[in-house]
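Positions are given from 1 along the sequence.
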Amino acid sequence: MNRKHKYFPLFVSLEEKEILVVGGGTIASRRIRALLPFGGRLTVIAPEVSDFVKEAAAEGQMVWKQEAYTREALRYADLVLACTDDPELNGEIYSVCKCLGIPVNVCSDRRKCDFYFPGIYMHDEVVVGITASGLNHKRARKVRVAIQEAMEEKAEHDDD
């Protein structure tokens, strides 16, 4: 039987979780932006980061450690995102996380992801996450937009 690998949609609390992001560029910024509304203690390790990361750190939404990655950084992590522009370094982070039993997402290699970042739509207490198993981001985005439009239309009619 030929079965495609699929990911189970699991909604978890990030409160009290130590989330480590290694890297601070465009992809890291997108993932940080997605994580911030869900709590957790977020730390970014990178010598240089985007303006968004600098601002979020300055506002106290997260911690930015302006330094290079070392294995020691993983010591207390509950969840890790390897978002550097160096595939070899991302692979190193992946290997260490696997040995330590830490769930990891490697931005440069979907095969090295224990979890994916879904397209997210939030309205009040409703949170919808959509993924195409890391294979078709455009399709997942179209579905997220359709859900958003349907929810917004419903909200307009509820106000009548």
Side-chain angles (χ1 to χ4, degrees), residues 1-15 17-40 42-57 59 61-62 64 69 77-98 102-159:
M1 177 165 53
N2 184 10
R3 292 178 45 171
K4 290 183 180 178
H5 189 77
K6 295 182 181 178
Y7 282 71
F8 179 77
L10 178 68
F11 289 82
V12 299
S13 171
L14 296 179
E15 296 295 326
K17 299 289 186 220
E18 296 290 341
I19 303 165
L20 177 67
V21 180
V22 183
T26 303
I27 294 172
S29 296
R30 270 200 315 260
R31 297 199 174 156
I32 291 165
R33 197 179 309 267
L35 286 168
L36 284 175
F38 295 96
L42 190 60
T43 301
V44 175
I45 294 179
E48 296 297 324
V49 295
S50 69
D51 289 341
F52 169 76
V53 173
K54 287 177 186 174
E55 291 168 17
E59 293 171 2
Q61 296 179 52
M62 47 166 279
W64 170 33
Y69 161 81
D78 294 307
L79 193 70
V80 173
L81 288 74
C83 298
T84 76
D85 58 3
D86 180 348
E88 190 173 309
L89 176 56
N90 288 345
E92 152 79 8
I93 295 165
Y94 170 80
S95 295
V96 175
C97 286
K98 294 310 281 184
I102 302 169
V104 61
N105 174 282
V106 177
C107 73
S108 60
D109 189 343
R110 66 180 175 82
R111 297 167 299 170
K112 293 181 178 176
C113 293
D114 293 320
F115 59 94
Y116 289 133
F117 271 75
I120 296 173
Y121 171 72
M122 291 189 306
H123 181 76
D124 297 329
E125 71 283 350
V126 175
V127 178
V128 179
I130 298 99
T131 183
S133 298
L135 299 173
N136 190 333
H137 298 295
K138 287 182 182 179
R139 184 174 187 196
R141 186 178 191 287
K142 283 183 180 180
V143 171
R144 186 201 51 81
V145 168
I147 290 170
Q148 179 176 343
E149 289 171 354
M151 293 293 290
E152 288 172 356
E153 184 177 322
K154 182 181 180 330
E156 286 177 19
H157 291 282
D158 287 349
D159 292 340

Point to revise | Backbone N/O of V126 and side chain of D124: donor-acceptor pair under 3.5 Å | key: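 Absent.
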Got a second to check how far [X]'s [atom1] is from [Y]'s [atom2], nearest 0.5 Å?
{"X": "R144", "Y": "E149", "atom1": "CZ", "atom2": "CD", "result": "9.0 Å"}
{"X": "F52", "Y": "Q61", "atom1": "CZ", "atom2": "CD", "result": "6.5 Å"}
{"X": "I32", "Y": "L42", "atom1": "CD1", "atom2": "CG", "result": "5.5 Å"}
{"X": "L20", "Y": "I93", "atom1": "CG", "atom2": "CD1", "result": "7.5 Å"}
{"X": "N105", "Y": "F115", "atom1": "CG", "atom2": "CZ", "result": "4.5 Å"}
{"X": "L79", "Y": "I102", "atom1": "CG", "atom2": "CD1", "result": "9.5 Å"}

May I ask you to test the [X]-[Y] pair for a side-chain heavy-atom distance under 4.5 Å?
{"X": "C107", "Y": "N90", "answer": "yes"}
{"X": "T84", "Y": "Y69", "answer": "no"}
{"X": "K17", "Y": "F38", "answer": "no"}

Check your understanding: Pick one: which of V106, L35, V104 meets side chain to side chain contact (heavy atoms under 4.5 Å, CB included) with L81?
Key ->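 Checked V106, L35, V104 against L81; only one passes side chain to side chain contact (heavy atoms under 4.5 Å, CB included): L35.
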Can you name the nearest heavy-atom pair linking [X] to [Y], along with the distance?
{"X": "P37", "Y": "A34", "result": "CD-O, 3.4 Å"}
{"X": "A28", "Y": "G23", "result": "CB-O, 3.4 Å"}
{"X": "W64", "Y": "A57", "result": "CB-CB, 3.8 Å"}
{"X": "K112", "Y": "G91", "result": "NZ-CA, 4.0 Å"}
{"X": "S29", "Y": "S50", "result": "OG-OG, 2.6 Å"}
{"X": "L36", "Y": "A56", "result": "CD1-CB, 4.4 Å"}

**Study point:** Contact list for residues 81-97, test salt bridge (charged side-chain N to carboxylate O under 4.0 Å, His left out), sequence neighbours left out
**Key:**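 Non-adjacent pairs meeting salt bridge (charged side-chain N to carboxylate O under 4.0 Å, His left out): R71-E92.
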Check your understanding: Does R30 make a cation-pi contact with F117 (under 6.0 Å, within 45 degrees of the axis)?
Key ->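 Negative - R30 is either too far from the ring of F117 or too far off its axis.
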Exercise for review: Sequence neighbours left out, what passes side-chain hydrogen bond (donor to acceptor under 3.5 Å, both in side chains) with E55? Give chain and number order.
Suggested key: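 Scan of E55 (side-chain hydrogen bond (donor to acceptor under 3.5 Å, both in side chains), adjacent residues dropped) gives none.
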Practice item. Using the test salt bridge (charged side-chain N to carboxylate O under 4.0 Å, His left out), find all partners of K98 that sit at least two apart in sequence or belong to another chain. Key: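 Only D114 meet the salt bridge (charged side-chain N to carboxylate O under 4.0 Å, His left out) criterion with K98.
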